[in-house]
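In this chain, numbering begins with 1 at the start of the sequence shown. Every heavy atom of this structure was used, including side-chain atoms; hydrogens, water molecules and symmetry mates were not.
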Amino acid sequence: IWRIMEAKFEKAFLKAVQKHTGIKKQIEQKVQQIMEFPVELGEPLKRNLRGFYSCPVKRNFIIIYLYCAACRKKGDDEFVACSDCGMTPDETIKFIIIGPHDEAYDIAGKTR
């Protein structure tokens, strides 16, 4: 089944991409892969990041994102509580943050 995904990029994600220009090509490739296989590539997160996924770009460097269809299907939408949830199509991936593992988790946790 072919599905057209929409990507939304948080300001923090875009700012982090600018900061890590040395691996920009790898980031772009990983974003494309996530757009094609959001659930298969991502690891579902737990506790205060329930509903989010993480995916490594390279060792200890990750992308944290939301896949709206999966979030709603699991009932995590009430927990995540995006302000634009009602206006966002299921086939949307929201790229939240990218960076070194611990830093990315810390920033993503503060966006909640």
Side-chain angles (χ1 to χ4, degrees):
I1 300 169
W2 186 256
R3 48 182 192 216
I4 305 293
M5 290 286 190
E6 180 182 334
K8 288 191 171 188
F9 298 92
E10 296 291 323
K11 284 186 181 119
F13 184 93
L14 296 173
K15 192 174 178 183
V17 170
Q18 296 297 317
K19 183 178 170 185
H20 301 286
T21 54
I23 59 165
K24 192 173 181 185
K25 190 79 87 202
Q26 290 164 286
I27 294 169
E28 289 171 359
Q29 288 173 337
K30 191 57 74 171
V31 165
Q32 283 302 319
Q33 291 170 354
I34 291 169
M35 295 289 288
E36 290 180 51
F37 305 103
V39 176
E40 297 84 350
L41 278 178
E43 178 185 326
L45 301 178
K46 297 178 178 95
R47 293 189 277 289
N48 68 327
L49 290 175
R50 180 176 133 196
F52 294 83
Y53 287 84
S54 73
C55 182
V57 175
K58 62 180 209 166
R59 203 183 116 124
N60 197 35
F61 202 88
I62 61 167
I63 291 176
I64 295 180
Y65 64 94
L66 277 170
Y67 175 33
C68 296
C71 186
R72 292 175 182 136
K73 186 176 180 183
K74 293 179 182 177
D76 289 339
D77 50 332
E78 290 181 31
F79 180 80
V80 174
C82 291
S83 59
D84 61 349
C85 184
M87 303 167 285
T88 306
D90 278 355
E91 299 305 321
T92 302
I93 298 176
K94 294 181 176 182
F95 292 91
I96 308 300
I97 191 66
I98 183 168
H101 185 278
D102 294 345
E103 186 182 305
Y105 278 108
D106 188 45
I107 292 169
K110 290 176 181 167
T111 64
R112 302 245 342 97

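Considering NZ of Lys46 and CD of Glu43, their distance stands at 6.5 Å, rounded to 0.5 Å. Here Phe13 contributes atom CZ and Ile64 contributes atom CD1; the two are 10.5 Å apart, rounded to the nearest 0.5 Å. The structure places CD of Glu10 at 12.5 Å from CD1 of Ile107, a figure rounded to the nearest 0.5 Å. Rounding to the nearest 0.5 angstrom, the gap separating the CD1 atom in Ile34 from the CD1 atom in Ile27 is 10.5 Å. Note that NE2 of His101 is 7.0 Å distant from CG of Asn60, once rounded to the nearest 0.5 Å. Of the inter-residue distances, the one linking Arg72 atom CZ with Leu66 atom CG reads 10.0 Å to the nearest 0.5 angstrom.
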Start with the C-alpha distance between Lys94 and Tyr67, add both sets of side-chain angles, then the distance that settles side chain to side chain contact (heavy atoms under 4.5 Å, CB included), and finish with yes or no.
CA-CA 7 Å; Lys94 294 181 176 182; Tyr67 175 33; over 6 Å; no
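There is a side-chain donor-acceptor pair under 3.5 Å between Lys30 and Gln33.
Listed here is the closest heavy atom pair of Glu91 and Ile4: CB-O, 3.5 Å. Smallest separation of non-hydrogen atoms from Gly42 and Pro44: O-CD, 3.8 Å. Nearest heavy-atom pair, Ile97 versus Ala108, reported as atom, atom and distance to 0.1 Å: CG2-CB, 4.1 Å. Between Pro89 and Glu6, the closest heavy-atom pair is CG-OE1, 4.0 Å. Between Val80 and Cys71, the shortest heavy-atom contact is CG2-SG, 3.8 Å.
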For residues 52-59, which side-chain N or O atoms pair as donor and acceptor with protein atoms under 3.5 Å away, sequence neighbours left out?
from: Tyr53; atom 1: OH; to: Lys74; atom 2: NZ; distance (Å): 3.2
from: Ser54; atom 1: OG; to: Tyr105; atom 2: OH; distance (Å): 3.3

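For the pair Phe95/Leu14, no side-chain contact is recorded, criterion being any heavy-atom separation below 4.5 Å from C-beta on.
In this structure, Phe61 and His20 have perpendicular ring planes: the angle between them is above 60°, well past the 30° mark.
Considering Ile93, Asp84, Asp77, Thr88 in turn, Thr88 is the only one that fulfils the side chain to side chain contact (heavy atoms under 4.5 Å, CB included) rule with Cys68.
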